[in-house]
Structure formats: structure tokens, C-alpha cells
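Encoded as C-alpha cells, the structure appears first; notes follow it.
In what follows, every heavy atom counts, from backbone to side chain, and hydrogens, waters and symmetry copies are set aside. Chain naming here is simple, since letters A, B, ... match the order of the sequence lines and numbering starts at 1 in each.
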Protein chains: 2
Amino acid sequence: MPSDHTKPGVGRSTGRPATIDPDAVAGVALRLFAENGYERTSMEDIARAAGIGRKSLYRYFPSKADLVWGGIEPVVEASGQVLENARTAGPTDGDTSDGGILAGLRAAAIAGASAIPDLSVTRGRLRLIAEHPELASRSYDALAPQRERARHYLLAQGVTESAAGYLCAAYLGATFEAWMQWAAGTDADPVPYLVEALGVLRVPTVRPGR
Amino acid sequence: MPSDHTKPGVGRSTGRPATIDPDAVAGVALRLFAENGYERTSMEDIARAAGIGRKSLYRYFPSKADLVWGGIEPVVEASGQVLENARTAGPTDGDTSDGGILAGLRAAAIAGASAIPDLSVTRGRLRLIAEHPELASRSYDALAPQRERARHYLLAQGVTESAAGYLCAAYLGATFEAWMQWAAGTDADPVPYLVEALGVLRVPTVRPGR
DNA sequence: CGCCTTATGACACTCCGTGTCATTATGTAA
DNA sequence: TTACATAATGACACGGAGTGTCATAAGGCG
């Protein structure tokens, strides 16, 4: 019964190796979206253009939105790792009034930006997201793991439970908006946008470090 | 050609008067959602239970999510009005360092909370939203008008264009999280949650009032 | 009485997402 | 070589969201 419909290509040493390249498939999908529009491109169109079956497509991308949002995962992952490391390292006790908490969030955001393999492709994805409310809405789900990690980081830094929730929400909202602003323009470096966005945050009521 | 599929019941003095009460329909829908679950309740079920046709249901609620989010509109409306008034009144030039901008945002949020007709029903709606990512995602669209009004308010107060965007995103994210926190608990008054949530915001670089 | 609008009912359609089932392909381990 | 495990295909079906059309009935108003 543990048939385990796990994602393909994850540490399996037995069985037939995967032949489908998810990145290539997503690339085909993005091209079709750009050519024919997002809504006017069906999952079947994408499967056909990628030369794979519809079911196989759904196996790698459970929803149409994942074809666009999937490429953002590396950013979330890299950013989350930085927060994870900072969290286990314990309170920072920096010299600034907030104990270097904002600096930690900033470092995480910048790490995310550094993890992007291809800036122009990512810009394309983000523009697609910006143009389609249906896709932009997904930011709430797509960034959920990020929210959770940021929350744990803040808690470890001595921020109140409630304040951590609010700060996370504001953090994600502001950084997402920064990415949208960057995508709308032509600047190469997204970091200045992120840094400015974090300027609207404030860390309240920090409990003294243990 | 201006057949204009306008929403029913808007200043029409001629023609057959509307007999369907949207609030009652939404009430039926919320009851069904609570009894059978959101996903396990189809639009046809709702139409049948409400004693109306499926097409009529779609006329008042273009999407299933609107049955839940529709009731939040009064909040957004009241909150937006406060921002609108504050905007046309021009820069506040308050005594605080941010020129009373945060106070304006706080007033708007509180005004929204005061505009709720039935707290318990609203709590039910918000809990439904919190439990279903598909619904929570919609916050980005549902609060879009609010975002726009807050942006204009901030611009009128001398905030940089880019900073206004980031502050709006953080503002909406934090207040939405505040509503979620309130809905999860049993406290009667949502205002303290909103006030604390706004504590994570900071207004950067205010251009001196004209 | 005619006009205008609301509302219904029926029918059809596209597309998303899920499910099943049988079958073939292709690697690794016994 | 054989057995096993997994990847991938193809076909077929299904529920449900959301859109569209069309004809028809109901109920105020000038």
C-alpha cells in the first residue's frame, strides 16, 4: 500500500529513469503562453507541443499555474535556507535597535535573488504573473513555505508570536511587490528593489535575547 | 449595442424589479459550505437550495469564491472611503515623524472593522477563507481596490511612488493576517489585532508637504 | 397596450483536474 | 537472464467551473 506516488526522479536508484525534463516542458509552456496567451493555451496544447502525454504533464505540474510558479521555487528555497541557518544560529544580538532582525530578512531576500539561474526567463514568468490576477493570487500559496520559515526565524529571534505573523505577512507582501516592480522594468539587478521594499518594515517589541 | 450587462438592481426604475436577495443566497451558500464542505458543494447545489436557477446564481455571483468574499465588500468600501476623504484633504502634517500617515491607515482599517454588520457571520466567512488556500489566495484580487486607494492616499501624503507600492503591499498583507488571527480566535473586537498588525509598518522617505 | 428588465429552463461547450486500467519501455539488483 | 520497480503512454470517463445561446414567462412602468 505504500505505492507512494512520489515525485519522479527523487533518489530512486531502481526502476526506469525519468526521460522527461521538467525545465524543458516549462520552457515550451512559457513559449506557448507568450505566443497565444495564457488562457488560450490548454494543458493539452502544452502536452502536445512538448511531445508528452497529458497525464505525464500533470504528473510533473499538478496545475497549470505550476508551470509558471514552479520556476520560482529555487528562489524560495535559497531564501529559506538562509533563514533556516540564521534561525538555528540563535538570536543575533546585533548593534541595531531591532537586533539585526531586519538585516536577516534582507539577507534572505538577497540570497533568493542570487539563486536565479536565468534573470530574463524569471522576468518573463513574473510578468506573466503580474498580467494575470489568477496567477498573482497564487503568491499566497506559492510563498507559504517561505512564510513559515520566516515565522520560525522571527520567533527564534525573540519576536512575539502575533507580531511574527504580521511581520511575515508584511515581509512577503513587500518583497513580492518588489519582484513585480523589478519585472515591470528593465533593470538587471532586483536587489535594490528588494532593499527598498524592506524599508517599509519595522520590528516591534523584541523580547531580550536569552 | 450598449446592451450593458450591468449588475441587477442598480438605479433601474423600469422593468421587472429584482426578486432575488443576494444576501439570502450567500447565506444559503455559507450554510451548505458549513454542512457539506466548500469543495463538496457545487454551484448547482447552491442554486437548488436557494430556489433559483444556476444562471441566475452566476449573475449575482460570477464565481464560487464570490459567495464567500462578496460579504467582505462593505469592509473594503468603508475603509476605502476613509482613505478617499483623507486623500482629498491633502497632507496631514501631523506631529509624528511620519506626518500622521500611519494614523491614517489605522483609521481606515478601524473604519472597515466598524462597517461589519454581523461579526459572527463575517468570522465564519473568514474562517472558511483561512481553511481553504484556494479562497485565501483570492485576497490579492479581493483587496485590489483597497490597494489602489491606499496607494493614492500615500502618494497624496508625499510618499515616493515606489515606497507607496511597497507600503501598500505590506499594509494589506498585515491587515489581512490580522483578520485571519481574529477569525481564528473568539475575541469580539478585531480592532486590537489590526492595531498591532500596523505596528510592523514604517513610513520611509516622506517628501515634505507642498 | 407595449416596453423594459428579471428570471427561468434547457442545451451545449471548453477546459481544469482526477481517476482507472492495461501496456510498454528501461533501468538496477538478485 | 530473470525478476522487480519505476516511467511513460493511451484511452476513456467523470465531476465541476464557467461561458454561451435562445426561447419564454413574469412583473413593473410610461
Side-chain angles (χ1 to χ4, degrees), chain A residues 1-22 24-25 28-29 32-33 36-70 132-135 137-138 141, chain B residues 1-22 24-25 28-29 32-33 36-70 132-135 137-138 141:
Chain A
M1 47 296 267
S3 155
D4 219 21
H5 235 6
T6 51
K7 268 177 195 149
V10 181
R12 292 275 167 282
S13 66
T14 177
R16 171 180 176 175
T19 62
I20 293 180
D21 177 11
V25 174
V28 169
L32 290 183
F33 290 157
N36 310 349
Y38 179 74
E39 6 254 358
R40 281 186 304 282
T41 305
S42 75
M43 290 296 266
E44 197 154 1
D45 293 339
I46 298 166
R48 249 201 317 271
I52 65 176
R54 197 169 74 104
K55 303 254 30 170
S56 304
L57 175 58
Y58 269 108
R59 195 210 287 250
Y60 284 91
F61 301 94
S63 83
K64 198 175 172 184
D66 287 322
L67 283 161
V68 182
W69 272 102
H132 297 272
E134 168 194 353
L135 284 174
S137 290
R138 289 260 176 161
D141 311 82
Chain B
M1 47 297 264
S3 156
D4 219 23
H5 234 5
T6 51
K7 268 176 196 150
V10 182
R12 292 273 170 281
S13 67
T14 176
R16 171 180 177 175
T19 63
I20 292 181
D21 176 12
V25 174
V28 169
L32 290 182
F33 291 156
N36 311 351
Y38 179 74
E39 5 255 357
R40 281 186 305 280
T41 304
S42 74
M43 289 296 266
E44 197 155 359
D45 294 338
I46 297 166
R48 249 201 317 270
I52 66 176
R54 198 169 73 103
K55 304 259 18 176
S56 304
L57 175 58
Y58 270 108
R59 196 212 283 255
Y60 284 91
F61 301 94
S63 83
K64 199 176 170 183
D66 287 322
L67 283 161
V68 182
W69 272 103
H132 297 272
E134 167 195 355
L135 285 174
S137 289
R138 289 260 176 161
D141 313 81

Would you mind reading off the distance between A/Ile52 atom CD1 and C/dT24 atom P, rounded to a whole angstrom?
21 Å
How many whole angstroms separate atom CD1 of A/Ile20 from atom P of C/dT24?
19 Å
Side-chain donor/acceptor of B/Trp69 to backbone N/O of B/Leu135, under 3.5 Å
yes
Can you tell me how far C1' of C/dA7 sits from CG of B/Asp21, to the nearest Å?
15 Å
What is the distance, to the nearest angstrom, from the CG atom on B/Leu57 to the P atom on C/dT6?
16 Å
Taking 4.0 Å as the cut-off, does a side-chain nitrogen or oxygen of A/Thr19 come that near to OP1 or OP2 on D/dA7?
no
Heavy-atom distance under 4.5 Å between the side chains of B/Ile20 and B/Tyr60, does that happen here?
yes
Residues forming a salt bridge (charged side-chain N to carboxylate O under 4.0 Å, His left out) with B/Arg48, sequence neighbours excluded:
B/Asp45
Any residue meeting side chain to side chain donor-acceptor pair (under 3.5 Å) with B/Thr41, in chain and number order, not counting sequence neighbours
none
Quick one: which protein N/O atoms are closer than 3.5 Å to N/O atoms of nucleotides 12-18 of chain D? Pair and distance per line, please.
from	atom 1	to	atom 2	distance (Å)
D/dA17	OP1	B/Lys64	NZ	3.1
D/dA17	OP2	B/Met43	N	3.3
D/dG18	OP2	B/Lys64	N	3.0

In whole Å, what is the span from the CZ atom of A/Phe61 to the P atom of C/dC16?
15 Å
Is the Lys NZ or Arg CZ of B/Lys64 less than 6.0 Å from the centre of B/Tyr38's six-membered ring, within 45° of the axis?
yes
Whole-Å distance between D/dT6 P and A/Tyr60 OH?
14 Å
Would you find a donor on one side and an acceptor on the other, under 3.5 Å apart, between the side chain of B/Asn36 and the backbone of B/Phe33?
no
Can you tell me how far P of C/dG19 sits from CZ of A/Arg59, to the nearest Å?
14 Å
